[in-house]
Amino acid sequence: MNTRFLAPLILITFLSAVPTPAEITPPPSFTLDSEPTENFIVCIDPGHQQRGDFHDEPIAPGSAIQKARVSAGTSGIGTKKAEHTVNLEASLILRDMLQEEGFTVIMTREVADVNISNSERALISNQANADLTIKIHCDSIANDSKTGATILTPSDTSSYTQAIYPESQQFAECLQSALSANGIKVNGIIKRNDMTGFNWSTVPVIILEMGFMSNWTEDQLLSTPEYQQKLMGAVVTAIKTYHNQHQNTL
Ligand SMILES: [Zn+2]
């Protein structure tokens, strides 16, 4: 046999054994028509800040009604811990969990000592064109026996938020299911037309009131990393469900 032809023959045989990109089978979790999670932007707004700013701002674009730019929030009945601290602790857990899942995360704040009003927080998520904004808070009420999480959504009748209501409500329902499935009591989904952070938002937005700092037991619970992880794990599940639902309707 003429060996001059052997080397190119071996090379051709070798090249034909290398799979072309089209022949590579995608891993089971990946489907070609799904939007990668990194294209889905979640804005997390840890409620309040170290010091409230009681200068006023309009509660909606062009509104004559004014509210404090940002309040200091509540504090724990037993822990005496500031709400803005608990909100940030949980938000940083949520940020890390979402980044682990490949989502793009925008934070309105990552420290306590800032001065960002509620309308300015909305503008951060608007400018980022976030797919979803989640505002993390804790509740407080005079009745110290009340416990559980509550989800707030924008109003469906206000002209400021009608456009973002359907998707905000869709996510709120995902979140209610995920929290309940994790054994976390949910008091309900409540529409609000008086929240500056909702009225300035052009992207779907909800507030998660994680629980009541006015209840002795829940106040302690809200400060434990385990409970914060449980709550934020449910938020991640809800975001993944919403993300899947959303791309099915594209
Ligand atoms: Zn709050």
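Atoms within a ligand are numbered from 1 in the order they appear, just like the ligands themselves.
Closest N/O/S atom of His137 to the Zn ion (ligand 1): ND1.
For the 3.5 Å distance criterion, the side chains of Glu57 and Ser119 qualify, holding a donor opposite an acceptor. Residues Thr108 and Asp45 bring a donor and an acceptor atom of their side chains to less than 3.5 Å of each other.
His48 lies close to the Zn ion (ligand 1), since one of its N, O or S atoms is found at a distance under 2.8 Å. Coordination check, Glu83 versus the Zn ion (ligand 1): passed, since an N/O/S atom of the residue sits under 2.8 Å.
Ring centroid separation for the pair His243 and Phe103 comes in under the 6.0 Å cut-off.
Screening Ser168, Pro166, Pro154 for a side chain to side chain contact (heavy atoms under 4.5 Å, CB included) with Pro204, the sole residue that qualifies is Ser168.
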